[in-house]
Asks: 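Just passing along the structure, written as structure tokens.
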Amino acid sequence: GSSRARELAVRGAGLRTAPPGANMRDTMHVAGQQRNHVLWLATRSLRAICQCTPAGAAGATEDATAEPRKIRRVLIHFAMEAEGMPLLAELDTLRKDEAGLPNLPALCYSGTYRGLDVVVVMNGQHPIYGVTSVGTTAAAVTAYAAVRRFEPDLLLNAGTAGGFKHRGGAIGDVYVSTSVVMHDRRIPIPGFEEYEKGRLATFVPDGLLKVQSGWKEGIVTTSNSLDYTPEDEIRMRDSGASVKEMEAAAIADVAHQCGVAFMALKVITDIVDGDRPTQDEFTENLGTAAASLQKAVPMALGFIAASHG
């Protein structure tokens with residue numbers, strides 16, 4: 001019967017079973033041991049499947065800011081096709097990768113540029129809602145699948161974002177991330193303070209901002225909303241953020257855990273603390289910002305190829 005099958009299964013997994021006639025306390029104790037052992041087996045299996053080395057383990061990059069010894073392959077991750085498609089006209093050697101990312105709507109293009117292997121990935125259209133998959137969930141899932149498949153040396157999250165007037169931001173500015181944080185993750189439980197903020201340092205190619213003197217650097221803060229609450233505003237100011245968007249911190253977390261260097265390159269479409277509604281400014285300036293990315297990303301790639309290739 002089912003009880004006999006269960007006994008054989010747990011014995012086969014190396015688990016102890018309660019003897020016949022055992023009291024409730026002994027039975028619950030053994031059940032707890034079984035549960036813990038199953039969790040251990042599941043964790044071990046997932047690690048084997050994932051093949052991503054946790055940060056701090058042997059062979060892993062200590063964090064996403066570490067200087068890669070050599071950069072041969074760059075994975076460029078866009079959330080939106082409207083942000084990424086203009087770049088493909090500039091990097092005209094890239095071709096669509098029909099295999100894509102299994103079970104995901106992501107669009108993938110690959111080729112070479114300045115001696116680098118370059119892969120461009122965009123989240124694609126959500127299969128249920130029929131709109132572009134934006135936000136941290138789509139970003140993390142797509143980034144993880146792309147890192148697994150393409151094994152890049154550098155993960156570059158390029159896209160559009162909001163800037164802050166009180167930090168000198170203006171529409172059209174190009175920012176390189178120095179670190180990323182989350183501003184809408186609230187977990188008021190002891191021990192979760194640092195996880196709640198999600199702060200991770202990011203890779204800045206040495207000398208890039210000297211060559212591209214018009215670019216700026218700053219902290220990128222991430223949430224799942226285009227707008228923000230009063231609590232979000234406080235957190236953004238306290239973090240010292242210069243850029244607000246919806247993906248970078250999630251992608252950086254994936255890169256960090258997989259031992260891949262990460263940087264973000266963002267162009268400002270709207271002013272968060274300005275006078276106009278965010279959605280209006282974003283829609284109005286999206287095309288201009290995408291055209292700016294079309295030029296900025298190849299500039300960054302050219303510098304990386306020359307200095308780290």
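Only heavy atoms go into these numbers, but all of them, side chains included; no hydrogens, no water, no symmetry mates. Nothing here was measured: the structure is a model prediction, and the numbers come from that model.
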Asks: Side chains of Thr132 and Gln125: is there a donor and an acceptor less than 3.5 Å apart?
Replies: yes

Asks: Give, for atom CG of Asp117 and atom CG of Asp153, the distance between the pair rounded to the nearest 0.5 Å.
Replies: 9.0 Å

Asks: Compare every heavy atom of Lys266 with every heavy atom of Ala248, then report the nearest pair and how far apart it is.
Replies: CB-CE, 4.4 Å

Asks: If you group Ile, Leu, Val, Met, Phe, Trp and Tyr by side-chain heavy-atom gaps below 4.5 Å, do Met236 and Tyr175 land in one group?
Replies: no

Asks: For Phe164, give me all partners under ring-ring contact (aromatic ring centres under 6.0 Å, His included), at least two apart in sequence or on another chain.
Replies: His166

Asks: Is it true that a side-chain atom of Thr112 and a backbone atom of Gly115 form a donor plus acceptor pair closer than 3.5 Å?
Replies: no

Asks: So which residues get pulled into Ile219's cluster when ILVMFWY side chains under 4.5 Å apart are joined, directly or through others?
Replies: Val181

Asks: Pairs in or reaching into residues 131-146: which pass salt bridge (charged side-chain N to carboxylate O under 4.0 Å, His left out), with residues at least two apart or in two chains?
Replies: none

Asks: Please list, chain by chain and in numerical order, all residues satisfying side-chain contact (heavy atoms from CB on, under 4.5 Å) with Glu196, sequence neighbours excluded.
Replies: Arg186, Ile187, Arg235

Asks: State which residue, out of Ser239, Ser225, Ser223, fulfils the side chain to side chain donor-acceptor pair (under 3.5 Å) condition with His183.
Replies: Ser223

Asks: Can you list the residues that meet the side chain to side chain donor-acceptor pair (under 3.5 Å) rule with Arg73, with sequence neighbours excluded?
Replies: none

Asks: Among Ile76, Leu154, Leu87, which residue satisfies the side chain to side chain contact (heavy atoms under 4.5 Å, CB included) criterion with Leu301?
Replies: Ile76

Asks: Looking at CD1 of Ile171 and CZ of Phe282, how far apart are the two atoms once the value is rounded to the nearest 0.5 Å?
Replies: 12.0 Å

Asks: For Asn103, look at atom CG and say whether over 12 heavy atoms of other residues, nucleotides or ligands are found less than 6.0 Å away.
Replies: no

Asks: Test Trp215 against every option in Val267, Asp173, Leu209 by the side chain to side chain contact (heavy atoms under 4.5 Å, CB included) rule and name the one that passes.
Replies: Leu209

Asks: Can a donor-acceptor pair be found, under 3.5 Å and without considering hydrogens, that links the side chain of Arg276 to the backbone of Ile271?
Replies: no

Asks: Between Thr269 and Ala161, is there a donor-acceptor pair closer than 3.5 Å when you use the side chain of the first and the backbone of the second?
Replies: yes

Asks: Check whether Thr136 reaches the backbone of Asn224 with its side chain - one donor and one acceptor, N or O, closer than 3.5 Å.
Replies: no

Asks: Sequence neighbours left out, what pairs pass salt bridge (charged side-chain N to carboxylate O under 4.0 Å, His left out) with at least one residue falling in residues 75-96?
Replies: Glu90-Lys295

Asks: To the nearest 0.5 Å, tell me how far Thr288 OG1 sits from Leu293 CG.
Replies: 11.0 Å

Asks: Within the distance-only criterion (no hydrogens, no angle test), does the side chain of Glu217 pair as donor or acceptor with the backbone N or O of Ser177 below 3.5 angstrom?
Replies: no

